[in-house]
Amino acid sequence: MLARWGYEYGRGDQMQIISYSMYMNDQSLFSVDPYVQGIAEKVPNERYVFAKFMSLFNDKMEGASLVLHTISGIFLLLLLFRIAREFIETDYLIWLGLLFLFVFMYGINLGGNELYYNTFFVSTPAKALGLWGIWYFLKSRYHIAFILFGITCILQAVVGLQLFATCAAILVLSKLTGRDRFDWMELGKWLSGFLMTGGIWIFFMKFFFEDTASANIDFFSIFFEFRAPHHYVPDAFPLRNYLILIPLMLFGYIYYIFQNYKLAWFFLISFIGMGCYSIAFYGLRDVNLATMQWFKLTIWLKPFALIAVIAWLEKKISWVSLESLQKLAYPVLLIAGFAVLSILIFARSLFFWPVPFDFGTQYSQDLRVEICLQAKAKTPKNALFVYPIDFVELKVYGERSGFVDYKALSHRKVEMQGWYDRTVTLYGIDLSTDRSVVPLFTQAHRNYQSLSADDFRRLAKENGITHVLTWNDHLLDLEKIASNLEWTIYRISQ
């Protein structure tokens, strides 16, 4: 997994958390950054708990992130192994299945979500805790399961709430059909484990989320359709993924009908939820319903369905379980693992796919990171930068404020409107622009690179921008203060 997808620090989604954590430790940073100031304005917020946790590591966040990423990843794999072991008897088949899941089937999803990411941010421990809860749920230890779903909810509300709702529905169905024998009071005790943890958090977050500054339909268009269609809009999900996952998930559902009624109902309830979500999304356009993002449940259905396929094949193809083959498989897997690890450490250039390895001093070889380090050294803390729409490294590596970040935004309605207005102002893209990711970024790059020195001076006068970070071939009649082989920083004189 590390060899194929690398490891990132201070980029992508993690940038949203780490910059907020840095601000918690040093409030002289990001004093003019709309995202950081906006999200810090109201507590609790959707990122507060995890950002506060990361801030405890202070200047050791980089090392802590790598260690925690490793621990969370191993924990996730072990949990999947334990669940798979309930259905698959041959251990090496499970490990091959996990390899197939996280390497060859990675990115095949509905809703742009995965169980594992190549960076440590809130999704990683949340999904590990959620999977832990599923394990206890399958073992009928319901009280522990719902407490874990509640803790998951505090870290990532949608994941925890989906697991709670789905598993609670399974218990109700199992009671009504006589599959489980418990009284309703006992069920209430189990559910209270979630209600007293994640339920309380959801209550506060609901009132936090209900801002009044932006009309409901505007928020729907800006967030769900403009900013994150890959997460929320069913017809924006790749057709290839539907063609692969629908048969796979149907096979998993049919298999578990005969092998595990809880997982069979998990599949069925998920299917019904995704269908209702699609109807509500296109028919009602309701923010609260769309926020539930029911297609995210496929992050669980995909591995469970793959387990079903392997378990079925194991029974049908007897020679895969031969003891001689098992004895051969283990040393082959170990040798392959050590070989990949050795190449990672001593000969990274042998990898033919470009992936980041942001640990040790390796990230400093990245031209984006290198220009950010120059920005940190040559500009004041209260500098306000503009940069291309996909440039995400400045906040963490440069410790400087950005006028707008496509990746970083608060989910508060009032902040969402401001983010959208700044995106339109700088990149010239809006609700009418093609919203699939590549055309959107291509248009934003084209618009940004067409801005002249006078355009940036006007932006500086109207919005307080002090510095421009852009490509070397984007020549501007401004004071150049730093550059490398790809990037240039200009200062806008007032």
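Keep in mind that the numbers below use all heavy atoms, side chains included, and drop hydrogens, waters and symmetry copies. Just so you know, these numbers come straight off a predicted model, no measurement behind them.
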>> Please give me the minimum heavy-atom distance between Leu284 and Leu289, naming the atom from each residue.
In response: CD1-CD1, 3.7 Å

>> salt bridge (charged side-chain N to carboxylate O under 4.0 Å, His left out) for Arg85 and Asp91? Distances and angles first, verdict last.
In response: CA-CA 7 Å; Arg85 197 65 177 80; Asp91 289 354; 2.7 Å; yes

> Okay, side chain of Asp180, backbone of Ser174: is any donor-acceptor separation there less than 3.5 Å?
Replying inline: no

> Judged by atom type as modelled, is there a donor-acceptor pair below 3.5 Å linking the side chain of Lys296 to the main-chain atoms of Val158?
Replying inline: no

>> Under 6.0 Å between ring centres: does that hold for Phe100 and Phe104?
In response: yes

>> Which heavy atom of Pro247 sits nearest to which heavy atom of Tyr242, and what is that distance?
In response: CD-O, 3.9 Å

>> Aromatic contact between Trp5 and Tyr117, with the criterion being ring centroids under 6.0 Å apart: yes or no?
In response: no

> Do Ile83 and Leu138 have side-chain heavy atoms sitting under 4.5 Å apart?
Replying inline: yes

> Between Lys302 and Thr298, do the side chains contain an N or O donor and an N or O acceptor separated by less than 3.5 Å?
Replying inline: no

> Would the Phe81 and Trp95 ring centres measure less than 6.0 Å apart?
Replying inline: yes

> Taking side chain as C-beta onward, heavy atoms only, is Cys372 less than 4.5 Å from Phe391?
Replying inline: yes

> Just checking, any donor-acceptor pair under 3.5 angstrom between side chains of Ser65 and Tyr7?
Replying inline: yes

> Can you name the closest pair of heavy atoms from Ala165 and Trp294 and give their distance?
Replying inline: CB-CH2, 4.2 Å

>> Closer than 3.5 angstrom, by distance alone: can the side chain of Lys175 be matched with the main-chain N or O of Phe182 as a donor-acceptor pair?
In response: yes

> Of the non-hydrogen atoms in Ile202 and Ala157, which two are nearest, and what is the gap between them?
Replying inline: CD1-CB, 3.7 Å

>> With side-chain hydrogen bond (donor to acceptor under 3.5 Å, both in side chains) as the criterion, how do Asn45 and Tyr20 come out once you've worked through the C-alpha distance, each side chain's angles and the decisive distance to 0.1 Å?
In response: CA-CA 11 Å; Asn45 58 62; Tyr20 186 19; 2.9 Å; yes

> Between Ile134 and Phe304, is a side chain to side chain contact (heavy atoms under 4.5 Å, CB included) present by the stated rule, with each step listed?
Replying inline: CA-CA 11 Å; Ile134 291 173; Phe304 295 159; 3.9 Å; yes

>> For the OG atom of Ser123 and the CD1 atom of Ile17, what is their distance to the nearest 0.5 Å?
In response: 10.5 Å

> Are there more than 12 heavy atoms of other residues, nucleotides or ligands under 6.0 Å from atom NE2 of His445?
Replying inline: yes

>> Could you check whether any side-chain heavy atom of Val159 comes within less than 4.5 Å of a side-chain heavy atom of Cys153, counting everything from C-beta outward?
In response: no

>> Let me confirm one number: the CG-CG distance from Leu129 to Leu148, rounded to the nearest 0.5 Å.
In response: 6.5 Å

> Does any N or O in the side chain of Ser21 come within less than 3.5 Å of the main-chain N or O of Ala51, such that one atom is a donor and the other an acceptor?
Replying inline: yes

> Which distance, rounded to the nearest 0.5 Å, do you find between the SG of Cys167 and the CZ of Phe146?
Replying inline: 5.5 Å

>> Angle between ring planes, Tyr116 versus His69, binned at 30° and 60°: parallel, tilted or perpendicular?
In response: tilted

> Checking side chain to side chain contact (heavy atoms under 4.5 Å, CB included) for the pair Trp265/Asn260: CA distance, chi angles, key distance, verdict?
Replying inline: CA-CA 9 Å; Trp265 275 334; Asn260 188 290; over 6 Å; no

>> When you compare the side chain of Phe295 with that of Ser278, does any pair of heavy atoms fall below 4.5 Å?
In response: yes

>> Please determine whether a side-chain nitrogen of the Lys or Arg among Arg11 and Asp366 lies less than 4.0 Å from a carboxylate oxygen of the Asp or Glu.
In response: yes

> Will you find, in the side chains of Lys127 and Ser72, an N or O donor that is under 3.5 Å from an N or O acceptor?
Replying inline: no

> Are a donor atom and an acceptor atom from the side chains of Tyr282 and Asp235 found within less than 3.5 Å of each other?
Replying inline: yes

> Checking Thr152 side chain against Gly130 main chain: does a donor-acceptor pair fall under 3.5 Å?
Replying inline: yes

> Aromatic ring centroids of Phe164 and Phe194 under 6.0 Å?
Replying inline: yes

> Hey, what do you get for CE (Met54) to NZ (Lys60), rounding to the nearest 0.5 Å?
Replying inline: 13.0 Å

> Counting only N and O atoms by type, is there a donor-acceptor contact under 3.5 Å from the side chain of Glu393 to the main-chain atoms of Gly12?
Replying inline: no

>> Aromatic contact between Phe281 and Phe220, with the criterion being ring centroids under 6.0 Å apart: yes or no?
In response: yes

>> Let's go through Phe75 and Trp132 carefully: what are the C-alpha distance in whole Å and the side-chain angles of both, what is the deciding distance for ring-ring contact (aromatic ring centres under 6.0 Å, His included) to 0.1 Å, and is it a yes or a no?
In response: CA-CA 9 Å; Phe75 188 51; Trp132 200 10; 5.3 Å; yes

> Do NZ/NE/NH1/NH2 and the carboxylate oxygens of Arg368 and Glu486 come within less than 4.0 Å?
Replying inline: no

> Going through the distances and angles, do Lys139 and Glu86 end up as a salt bridge (charged side-chain N to carboxylate O under 4.0 Å, His left out)?
Replying inline: CA-CA 10 Å; Lys139 304 302 286 185; Glu86 295 293 306; 3.6 Å; yes

> Are the aromatic ring centres of Phe120 and Tyr9 under 6.0 angstrom apart?
Replying inline: no

> Around Lys189, counting heavy atoms of other residues, nucleotides and ligands shown, do more than 12 lie under 6.0 Å from its NZ?
Replying inline: no

> Any side-chain heavy atom of Asp405 within less than 4.5 Å of one from Met15?
Replying inline: yes

> Does the Glu314 side chain pair with the main chain of Glu89, one donor and one acceptor, at a distance under 3.5 Å?
Replying inline: yes

> Going by atom types alone, do Thr433 and Gln443 pair a side-chain donor with an acceptor below 3.5 Å?
Replying inline: no

>> Under a 4.0 Å threshold between the charged nitrogen and the carboxylate oxygen, would Arg285 count as salt-bridged to Glu225?
In response: yes

>> Are Trp312 and Phe251, when compared by the centres of their aromatic rings, separated by less than 6.0 Å?
In response: yes

> Can we call the ring centroids of Tyr256 and Phe267 under 6.0 Å apart?
Replying inline: yes

> So Met274 and Leu301, side chain to side chain contact (heavy atoms under 4.5 Å, CB included) or not? Walk me through it.
Replying inline: CA-CA 12 Å; Met274 287 185 280; Leu301 301 186; 4.0 Å; yes

> Under 6.0 Å between the ring centres of Phe237 and His231?
Replying inline: no

>> I want to check something: taking the side chain as every heavy atom from C-beta on, are Val36 and Lys395 in contact at a cut-off of under 4.5 Å?
In response: yes

> Donor-acceptor pair, Ser55 side chain versus Asn25 backbone, under 3.5 Å?
Replying inline: no

> Which pair of non-hydrogen atoms, one from Glu415 and one from Ser410, has the smallest distance, and what is that distance?
Replying inline: CB-CB, 3.9 Å

> Which heavy-atom pair separates Phe226 from Asp430 by the least distance, and what is that distance?
Replying inline: CE1-O, 3.2 Å

> So Arg240 and Ile108, side chain to side chain contact (heavy atoms under 4.5 Å, CB included) or not? Walk me through it.
Replying inline: CA-CA 8 Å; Arg240 178 200 67 159; Ile108 300 174; 3.8 Å; yes

> To the nearest 0.5 Å, what is the distance between CG (Leu313) and OG1 (Thr90)?
Replying inline: 11.5 Å

>> Does the Lys NZ or Arg CZ of Arg227 fall within the cation-pi geometry relative to Tyr406 - under 6.0 Å from the ring centre and within 45° of the axis?
In response: yes

> Would the Tyr142 and Tyr136 ring centres measure less than 6.0 Å apart?
Replying inline: no

